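This report concerns only the one structure given below.
These numbers were taken from a predicted model, which means no experiment stands behind them. For the numbers below, each heavy atom of this structure counts, side chains included, while hydrogens, waters and symmetry mates do not. Count residues from 1 along the sequence.
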Amino acid sequence: IPALLGLALALASLLPTAGARRSQDLHCGACRALVDELEWEIAQVDPRKTIQMGSFRINPDGSQSVVEVPYARSEAHLTELLERVCEKMKEYGEKVDPSTHRKSYVRVISHDGTKMDLSGVKFDGDVTSSLKFACESIAEEYEDELIEFLSHEAENVKDRLCSKRTDLCDHALHIPHDEL
């Protein structure tokens, strides 16, 4: 009985770590999927489309301080995307690495209709609702950072935002890029 009690205590001490890792995997995956979806949506906008930004007041000399900026990366467009992008999480499934038991999230429906390899991917309501909730939390909490990074054509937004700026993927800094 003392051996069983010791084993039970040892297992109980591991539970918070496993739960924390699951939560980190979920939030990291949601962040990475969120950035992927935003970048894809931005790329779908006609690069010639512009929006007027600036003050619509008339200056004393009769001119206006209005400039035209590309619509795709405008704050107005990015804010609009952030309001609806997490709906795309229903197009993702969960994949568990057999050696590390880390979870990652992958698209189960391609943007262009091509067939996808879904072997080992879990796709159900629990996965998608958890991912959508995590996505919405990240989009709300890091809205300013997302707009800051995406309003410019920044390199490696996923790594810069999800790993360096937010620590949502701090474990990912130790994973080779081909696994991300």
(request) Check whether any side-chain heavy atom of L146 sits under 4.5 Å from a side-chain heavy atom of V35, and report yes or no. (result) yes

(request) Indicate yes or no: at least one non-hydrogen side-chain atom of V85 is less than 4.5 angstrom from one of L34. (result) yes

(request) Please answer: with hydrophobic residues joined when any side-chain heavy atoms are less than 4.5 Å apart, are L118 and F123 in the same cluster? (result) yes

(request) Might you point out which heavy atoms bring V108 and G93 nearest each other, and give the distance in Å? (result) CG1-N, 3.6 Å

(message) Test your reading of the model: is there a side-chain donor-acceptor pair from S163 to the backbone of R160, 3.5 Å cut-off?
(response) no

(message) Rounded to the nearest 0.5 Å, what separates atom CG in L168 from atom CD in Q24?
(response) 8.0 Å

(message) Whether the side chain of T166 engages the backbone of L161 through a donor-acceptor N/O pair (distance < 3.5 Å, no angle test) should be reported.
(response) yes

(request) Enter the distance from K49:NZ to S74:OG here, rounded to the nearest 0.5 Å. (result) 9.0 Å

(request) Carefully, step by step, assess E39 and V157 under the rule side-chain contact (heavy atoms from CB on, under 4.5 Å). (result) CA-CA 9 Å; E39 288 180 329; V157 173; 3.6 Å; yes

(message) With a 3.5 Å distance limit and no angle check, can you tell me whether S110 reaches the backbone of T114 through a side-chain donor-acceptor pair?
(response) yes

(request) Of all the heavy-atom pairs spanning H101 and P98, show the shortest one and how long it is. (result) CE1-O, 3.6 Å

(message) Heavy-atom count check: over 12 atoms from other residues, nucleotides or ligands less than 6.0 Å from E75 CD?
(response) no

(request) Flag the pair I51 / Y71 as yes when at least one side-chain heavy-atom distance between them is below 4.5 Å, and no otherwise. (result) yes

(request) List the steps and the verdict of side-chain contact (heavy atoms from CB on, under 4.5 Å) for V127 and M89. (result) CA-CA 9 Å; V127 168; M89 297 303 118; over 6 Å; no

(message) Checking K132 against E91 for the salt bridge (Lys or Arg N to Asp or Glu O under 4.0 Å) test, could you report, in this order, the C-alpha distance in whole Å, the side-chain angles of both residues, the deciding distance, and whether it holds?
(response) CA-CA 10 Å; K132 182 176 183 258; E91 299 171 7; over 6 Å; no

(request) Test side-chain contact (heavy atoms from CB on, under 4.5 Å) on L26 and Y105 and set out the steps. (result) CA-CA 8 Å; L26 175 66; Y105 297 86; 3.7 Å; yes

(request) Flag yes if more than 12 heavy atoms outside E140 fall under 6.0 Å of its CD atom; otherwise flag no. (result) no

(request) Could you grab the distance from atom SG of C86 to atom CD1 of I138, nearest 0.5 Å is fine? (result) 8.0 Å

(request) For residues V121 and K95, determine if any side-chain heavy atom of one lies less than 4.5 Å from a side-chain heavy atom of the other. (result) yes

(message) Donor-acceptor check, side chain of S129 to backbone of D126, threshold 3.5 angstrom: yes or no?
(response) yes

(request) Using a 4.5 Å cut-off on heavy atoms from C-beta on, say whether the side chain of S137 contacts that of E141. (result) no

(request) Indicate, with yes or no, whether the SG-to-SG separation of C169 and C28 is under 2.5 Å. (result) yes

(message) Please determine whether a side-chain nitrogen of the Lys or Arg among R165 and D159 lies less than 4.0 Å from a carboxylate oxygen of the Asp or Glu.
(response) no

(request) For the pair H77 (side chain) and A72 (backbone), establish whether a donor and an acceptor sit closer than 3.5 Å, ignoring hydrogens and angles. (result) yes

(message) Please report the interatomic distance CG(L82) to CD(E80), rounded to the nearest 0.5 Å.
(response) 10.5 Å

(request) Over all heavy atoms of both residues, which pair between K103 and D25 is shortest? Give the atoms and the distance, please. (result) N-OD2, 2.9 Å

(message) Show, in sequence, the C-alpha distance, side-chain angles and deciding distance for I42 and L81, and conclude whether the side-chain contact (heavy atoms from CB on, under 4.5 Å) test is met.
(response) CA-CA 9 Å; I42 289 166; L81 289 178; 4.1 Å; yes

(request) Considering only NZ, NE, NH1 and NH2 on the basic side and carboxylate oxygens on the acidic side, decide whether R107 and E37 come within less than 4.0 Å. (result) yes

(request) Check the pair D97, R102 against salt bridge (Lys or Arg N to Asp or Glu O under 4.0 Å), reporting the backbone distance first and the verdict last. (result) CA-CA 5 Å; D97 183 301; R102 301 298 307 235; over 6 Å; no

(message) Could you check whether any side-chain heavy atom of D36 comes within less than 4.5 Å of a side-chain heavy atom of Y92, counting everything from C-beta outward?
(response) yes

(request) Kindly compute the distance separating OG1 (T79) from CD1 (I147), expressed to the nearest 0.5 Å. (result) 3.5 Å

(request) Indicate yes or no: does E41 engage K88 in a salt bridge with an N to O separation below 4.0 Å. (result) yes

(message) Taking L150's backbone N and O only, do any of them form a donor-acceptor pair with R73's side chain (distance below 3.5 Å, no angle check)?
(response) yes

